[in-house]
Amino acid sequence: MTDPFVLTVRPEPGEYAWTFGGAPPVARIAPGTVLDLYTEDCFAGRVRSEKDLVSEVCEFPFLNPQTGPFHVEGAEPGDTVAVHFVSIEPARDWAASTTVPLFGALTSTHATAGLQPPLPEKVWIWQLDRTRRTALFRAHEGGFERELPLDPMHGTVGVAPANLEVRSALVPDAHGGNMDTPEMRAGVTCYLGVNVEGALLSLGDGHARQGEGETCGVAVECAMNTVVIVELLKGIATPWPRLESDTHIVSTGSARPLEDAFRISQLDLVQWLVRDYGFAELDAYQYATQTVESPLANVCDTNYTCVAKLRKEWLPARETYRGLHARLRETAAALRR
């Protein structure tokens, strides 16, 4: 087996993308390329202490910097780009989380307006032990401390949107973007439908860990050293971002209100069962109803994101996405040796 080409990208501060679409590619890559990437945190590294309030050190809309975009050679509308996460590792020994004015699920926002004032801004600096694989929470009041397991993930992965659109890196939609699902961890393959020539793939927004829903709107945000394998599936469409792990297939949906995001993810899962697993539509609807797991990804972003996941052991023994996930797992294992 020929060793894959590895492209290492460590962006300078002025070299990040802030949108999906509208940014020129930083490189052209052939399918099968391994990307060894550095991604900055959602604050562009500016929140470094409890005194660094987001409203003072960050400038909207320059939040959530993305590494990329990458032009995938041969990618055309109607194809699918596959991104397999080989490893996602914190690049620093600390991470930051905050409350942000008029942002989060339990406060007034610009979209859900109210008379009450914004919640106060606070910053929590989490200490990461990359050897022991822990993240230390320290309460501001009361002296409570607790080490939690690291569970690194990427909140934002996507391609350029369709219809000449340019979307902020804060927005999740059919192109991917800021989905904030903890399912996007090492060992997972993400499938993204191609909307423009070259796909224009970017990723960023590393989280050392995050609860489902990302309730306050901010995870344990950290810079990441991430290795991915990028592949191309010609002639296979992917209407909404999908993920495949060793144990589950996962559909996503992003919209407002929340029930529409739920409907999109559930419908996409049903249609996936019909296309690749031989179900009739109503059989798929019934089977998914009784077997699906439906964790929330985020209930705080400009669009909300829901997930619909189903255990592979409960599915017919059929191939999805031409068996690409299993092959990419083999390539990833070879890279680690």
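The model shown is predicted, which means the values in this text are computed figures rather than measured ones. Sequence positions, counted from 1, serve as the residue numbers for this chain.
Between H154 and H207, the distance from one ring center to the other does not fall under 6.0 angstrom.
Not one N or O on the side chain of T112 forms a donor-acceptor pair closer than 3.5 Å with the backbone of T109.
Donor-acceptor pairing under 3.5 Å is lacking for the side chains of D205 and T39. For the residue pair T19 / S168, no side-chain donor-acceptor distance below 3.5 Å is found, with atom types taken as modelled. In this model, a donor atom of one side chain and an acceptor atom of the other lie less than 3.5 Å apart for N298 and T305. T98 and E121 are not linked by any side-chain donor-acceptor pair at a separation below 3.5 angstrom, with hydrogens and angles left out of the test. The closest side-chain donor-acceptor pair between E293 and H248 falls under 3.5 angstrom. Side-chain contact check for S265 and S251: no donor-acceptor pair (N or O, by modelled atom type) lies under 3.5 Å.
The salt bridge (charged side-chain N to carboxylate O under 4.0 Å, His left out) test with D93 is passed by exactly one of R132, R130, R48: R130. Under the side-chain hydrogen bond (donor to acceptor under 3.5 Å, both in side chains) test applied with Y321, the options D276, T80, T238 reduce to a single match, T238.
A distance of 7.0 Å separates CZ in F103 from CG in L170, rounded to the nearest 0.5 Å. Expressed to the nearest 0.5 Å, how far CH2 of W126 lies from SG of C222 amounts to 11.5 Å. Expressed to the nearest 0.5 Å, how far SG of C306 lies from CG of L296 amounts to 5.0 Å. Here the CZ atom belonging to R209 is positioned 13.0 Å from the CD atom belonging to E221, to the nearest 0.5 angstrom.
Using a cut-off of 4.0 Å between Lys/Arg side-chain N and Asp/Glu carboxylate O, R46 and D41 are scored as not salt-bridged. The existence of a salt bridge linking K312 and E244 is confirmed by a sub-4.0 Å separation between a basic side-chain nitrogen and an acidic carboxylate oxygen. In this structure, E50 does not pair ionically with K122, as no charged nitrogen and carboxylate oxygen lie closer than 4.0 Å. For the pair D36 and R10, the salt-bridge criterion is met [side-chain N within less than 4.0 Å of a carboxylate O].
Contact detail for Q210 and A297: the closest heavy-atom pair is NE2-O, 3.3 Å. Nearest approach of P120 to T99, heavy atoms of both residues: O-OG1, 2.8 Å. Pairing each heavy atom of G235 with each of D79, the nearest pair is N-OD1, 2.9 Å. Contact record, P65 with C42: CD-O, 3.7 Å, taken as the closest heavy-atom pair. Across every non-hydrogen atom of I264 and S254, the tightest pair is CD1-O, 4.0 Å.
Taking the centre and axis of the six-membered ring of W272, the NZ or CZ atom of R242 falls inside the cone set by 45° and 6.0 Å. Geometrically, R329 does not engage F85 in a cation-pi contact, judged by NZ or CZ lying under 6.0 Å from the ring centre and within 45° of the ring axis.
Residues V218 and S97 have side chains in contact (heavy-atom distance under 4.5 Å, counting atoms from C-beta outward). Looking only at side-chain heavy atoms (C-beta outward), L136 and E145 come within less than 4.5 Å of each other.
Taken together through direct or relayed side-chain contacts under 4.5 Å among Ile, Leu, Val, Met, Phe, Trp and Tyr, L243 and Y277 form parts of separate hydrophobic clusters.
In this structure, F262 places its CZ atom where only 12 or fewer heavy-atom neighbours from other residues, nucleotides or ligands lie under 6.0 Å away.
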